[in-house]
Amino acid sequence: MTLNRRKFLTSATISATLLALDHKSAGAMIPSSSPSMITPIVISTWDFGVAANQAAWKVLQAGGRSLDAVEQGVWVPEADPTNQTVGYGGLPDRDGRVTLDACIMDEHGNCGSVAGLEFIKHPISVARQVMEKTPHVMLVGDGALQFALENGFKKENLLTKESEKAWKEWLKTAKYEPTMNIENKLYDKVAPTKLPGNQYNHDTIGMLAIDKAGNISGACTTSGMAYKLHGRVGDSPIIGAGLYIDNEIGGATSTGVGEEVIRNVGSFLVVELMRQGLSPEDACKEAVMRIIRKKPAIAKEIQVGFLAINKKGEYGAYAIQKGFTFAVCHAKQNDLTIPGKSYY
Ligand code: ASP
């Protein structure tokens, strides 16, 4: 990932108030880690989280369950063909196949997940059905597709003309190097700087919500790393890596180079750090620092961002690189994006 991929203020040291002022909902001046205890609340990764949060908010405002909120929230980017990093319209793998990863987790510790799922527009809903209708947690590839079709999901082509074009462009020069920072190389050298719909070649939506009853759920869904090796699975569908919820403590989710998140069991780590008393932002920061401390040279080249919320509705985020944003929605503010703090 490049450093200039998102519109943001460059200094992480600028006060939270000023950071909030850079955004279209500046009036609210919500700091980047909130001391407030506003629930219900929904937060999600990246700017495209704003629209997703609004869909989730409808459920929360009506007194619905956080599980329904996060599922319906992430349907928005999953169904959006201009979003080339999630669901329908996602950039394909090296072989031109759109393979989706998603997971969901509720307040009881129930969870479901799909990985490498093709032809289904809403992998998050398949993940939910894995959770609710099977004794298992995770289904992958053909098995996940078979399960989806058996449960009434429609088989659809998910490769849009735009994503096919981008893939064919990549194929012209693609030299597959399965290194840690391949996405960085792809991004810098091959992939378009900016894709249609103001989207980028790689980003996951991770969403965390607390409902009126105070229960926490989360969802995470992605098309994964663009032009990945067929069969590659990132952190996003892996419980504990891309998403983790503990209803006593809080929840966490991640975006960025999934391999590093998996190696550090990132989201579980963030929740455990909150259990030890860290604020959501400090917990995210410590999880990022683990990655940086273990592999400083590689960490310079890649992006990983964590987003977390605790039981009180306090939230925070931290990323390796600048440019990570997240969206917040609660009764007083429904369309805010906040630049997450970062190490670099
Ligand atoms: N974490 C995702 C993956 O590694 C990609 C992303 O968030 O950009 O598949």
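Just so you know, ligand 1 is whichever comes first in the structure, and atom 1 is the first atom listed for that ligand.
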Steps toward side-chain contact (heavy atoms from CB on, under 4.5 Å) verdict (Phe48, Asp80): CA-CA 10 Å; Phe48 52 62; Asp80 179 359; over 6 Å; no
Under 4.0 Å from a heavy atom of [X]: which atoms of ligand 1 are those, numbered in the order shown and with their elements?
| X | answer |
| --- | --- |
| Met225 | 9 (O) |
| Thr255 | 6 (C), 7 (O), 8 (O) |
| Ser236 | 1 (N), 2 (C) |

Side-chain H-bond candidate by donor/acceptor type, Ser223 with Gln84, under 3.5 Å: no
Closest candidate by heavy atom, reference atom 2 (C) of ligand 1, pool Thr204, Val261, Val304: Thr204
Based purely on interatomic distance, does [X] place a nitrogen or oxygen under 3.5 Å from a nitrogen or oxygen of ligand 1?
| X | value |
| --- | --- |
| Gly258 | yes |
| Asp203 | yes |
| Gly224 | no |
| Asp235 | yes |

From CD1 (Ile120) to CZ (Phe147), nearest 0.5 Å: 11.0 Å
contact_flag Arg232 ligand 1 heavy-atom lt 4.0 Å: yes
Sidechain N-carboxylate O distance under 4.0 Å for Glu260, Lys294: no
Mutual orientation of the aromatic rings belonging to Tyr244 and Phe268 [parallel < 30°, tilted 30-60°, perpendicular > 60°]: perpendicular
Per-residue contact class, Gln303 against ligand 1 - non-hydrogen pairs under 4.0 Å: neither
Path from Val98 to Leu171 over hydrophobic side-chain contacts below 4.5 Å: no
Asp211 side chain to Ser66 backbone, donor-acceptor under 3.5 Å: yes
